[in-house]
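Okay, structure first, notes after.
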Amino acid sequence: CVPLEVRRVIDLSHRVDEETQVYPGDPAVRLEPATTIAADGVNVLNVHIGSHSGTHVDAPYHFIENGERIDTMDVRLFFGRAVVMDVRDKGPRERITIEDLRPYEGRLSEGVVAVLRTGWDEHYGTARYYDHPFLDRRAAQLMVDTGVRTVAIDALNVDETVLEGPHPEGYPVHHLILGAGGGVGPAFTTARSAAAR
């Protein structure tokens with residue numbers, strides 16, 4: 001095991017509460033008292049949450065029947081040197097292409113956490129948040145080919161978010177990265193936290 005020198009930790013997570021925006025059709029977050037000190041002598045919170053609510057990581061099992069589950073994945077996938085790729089020029093439902101990532105290609109390698117900064121975190125909590133830019137399969141293949149196995153985005157999804165019906169492309173970026181044994185997440189979100197520090 002090679003020790004990792006940590007110079008700075010940047011928390012990119014959203015607060016989880018009843019305002020947490022979820023993928024269409026996923027369970028809404030509900031937090032309600034189960035017991036209280038006044039009535040029961042102890043505070044206990046009843047938490048109802050989907051496994052993909054808020055800031056999270058998708059493990060291979062999310063899309064691959066016998067894929068690895070999050071609790072057995074190597075924790076080293078989820079921390080490391082981040083390469084923030086600025087793609088804030090992308091519009092609603094626009095693809096992030098291989099050409100957009102070329103300027104960062106030389107900085108991508110095994111152990112790097114690739115962070116896509118779309119600026120879409122500004123729309124968190126609104127209907128527009130679902131219309132985020134998304135990663136093209138060829139661009140994702142570029143990252144996987146360089147050894148990257150962890151990809152974060154400051155939007156809801158690395159693939160296009162489909163509001164109704166089946167996904168026409170079948171979540172190609174999820175399948176590619178998770179099939180390579182990696183993890184993806186709406187971003188260890190939001191990239192605005194990284195930009196502010």
Side-chain angles (χ1 to χ4, degrees), residues 2-14 52 54-60 62-63 70 73-124 128-161 167 169-197:
V2 177
L4 176 70
E5 179 185 328
V6 177
R7 294 187 189 127
R8 179 170 60 155
V9 173
I10 300 173
D11 180 3
L12 300 177
S13 58
H14 280 294
H52 291 80
T55 307
H56 67 278
V57 177
D58 291 345
H62 184 42
F63 277 91
I70 194 70
M73 294 182 76
D74 187 339
V75 72
R76 290 174 294 188
L77 283 168
F78 308 118
F79 62 88
R81 185 173 57 85
V83 172
V84 179
M85 296 174 279
D86 191 339
V87 291
R88 289 177 290 172
D89 60 336
K90 294 297 179 177
R93 297 192 177 272
E94 190 174 350
R95 290 178 187 273
I96 300 165
T97 67
I98 197 167
E99 290 76 21
D100 296 317
L101 303 188
R102 287 282 185 215
Y104 306 98
E105 185 176 7
R107 297 172 50 204
L108 300 176
S109 62
E110 186 176 343
V112 163
V113 176
V115 180
L116 296 164
R117 183 177 186 206
T118 68
W120 225 251
D121 57 301
E122 294 177 7
H123 304 294
Y124 183 79
R128 188 163 186 204
Y129 191 59
Y130 297 115
D131 295 328
H132 59 85
F134 61 97
L135 192 57
D136 181 78
R137 188 185 193 290
R138 287 181 58 234
Q141 185 68 59
L142 169 74
M143 288 193 271
V144 168
D145 288 348
T146 66
V148 168
R149 293 296 180 267
T150 308
V151 178
I153 189 167
D154 63 348
L156 185 63
N157 192 354
V158 290
D159 282 301
E160 183 176 17
T161 295
H167 195 291
E169 295 185 2
Y171 303 94
V173 174
H174 276 86
H175 282 281
L176 176 66
I177 296 168
L178 300 178
V184 296
F188 307 101
T189 120
T190 61
R192 76 169 168 241
S193 302
R197 291 182 172 90

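Bear in mind that the values here come from a model prediction, so they are computed numbers and not experimental data.
- Looking at Arg149, its side chain does come within 3.5 Å of a backbone N or O of Val144 through a donor-acceptor pair.
- In this structure, the separation between OG1 on Thr146 and CD on Gln141 is 10.0 Å, given to the nearest 0.5 Å.
- Atom CD1 of residue Ile177 and atom CG of residue Asp58 lie 10.0 Å apart, to the nearest 0.5 angstrom.
- The minimum heavy-atom distance between Thr55 and His14, with the atom names listed, is OG1-N, 2.7 Å.
- The minimum heavy-atom distance linking Phe78 with Val57 is given by the pair CE2-CG1, 3.3 Å.
- Residue Gly91 comes nearest to Pro133 through the heavy atom pair O-CG, 3.5 Å, listed as atom of the first residue, atom of the second, then distance.
- Residue His123 holds its NE2 atom at 9.0 Å from CG of Asp131, rounded to the nearest 0.5 Å.
- No donor-acceptor pair under 3.5 Å is formed between the side chain of Thr150 and the backbone N or O of Val113.
- Rounding to the nearest 0.5 angstrom, the gap separating the CE atom in Met85 from the CZ atom in Arg117 is 13.0 Å.
- Sequence neighbours left out, the pairs with a member in residues 132-146 that pass salt bridge (charged side-chain N to carboxylate O under 4.0 Å, His left out) are Arg95-Asp136.
- Residues forming a side-chain hydrogen bond (donor to acceptor under 3.5 Å, both in side chains) with Asp74 (at least two apart in sequence, or on another chain): Arg76.
- The shortest non-hydrogen separation linking Asp154 to Gly119 is OD2-N, 2.8 Å.
- Between Ala155 and Tyr129, the shortest heavy-atom distance links the atoms C-OH, 3.4 Å.
- The list of side-chain hydrogen bond (donor to acceptor under 3.5 Å, both in side chains) pairs with a residue in residues 103-116, not counting sequence neighbours, reads Arg102-Glu105.
- The two residues Gly183 and Leu178 have their closest heavy-atom pair at CA-CD2, 3.9 Å.
- Partners of Phe63 under the ring-ring contact (aromatic ring centres under 6.0 Å, His included) rule, at least two apart in sequence or in another chain, are Tyr171, His174, His175.
- With respect to Val173, the side chain to side chain contact (heavy atoms under 4.5 Å, CB included) criterion is satisfied by exactly one of Asn157, Leu135, Val151: Leu135.
- Remark: the backbone N or O of Leu156 is not paired with any side-chain donor or acceptor of Trp120 at under 3.5 angstrom.
- One distance of note links CD of Glu160 with CD of Glu169; it measures 6.5 Å at 0.5 Å rounding.
- One distance of note links CD of Glu94 with CG of Asp89; it measures 7.0 Å at 0.5 Å rounding.
- Listed by chain and number, the residues in a side-chain contact (heavy atoms from CB on, under 4.5 Å) with Asp100 are Val87, Lys90, Ile96, Thr97 (sequence neighbours excluded).
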Chi angles and distances behind the side chain to side chain contact (heavy atoms under 4.5 Å, CB included) call for Ile153, Val184: CA-CA 8 Å; Ile153 189 167; Val184 296; over 6 Å; no

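- Residues satisfying the side-chain hydrogen bond (donor to acceptor under 3.5 Å, both in side chains) test with His167, not counting sequence neighbours, are none.
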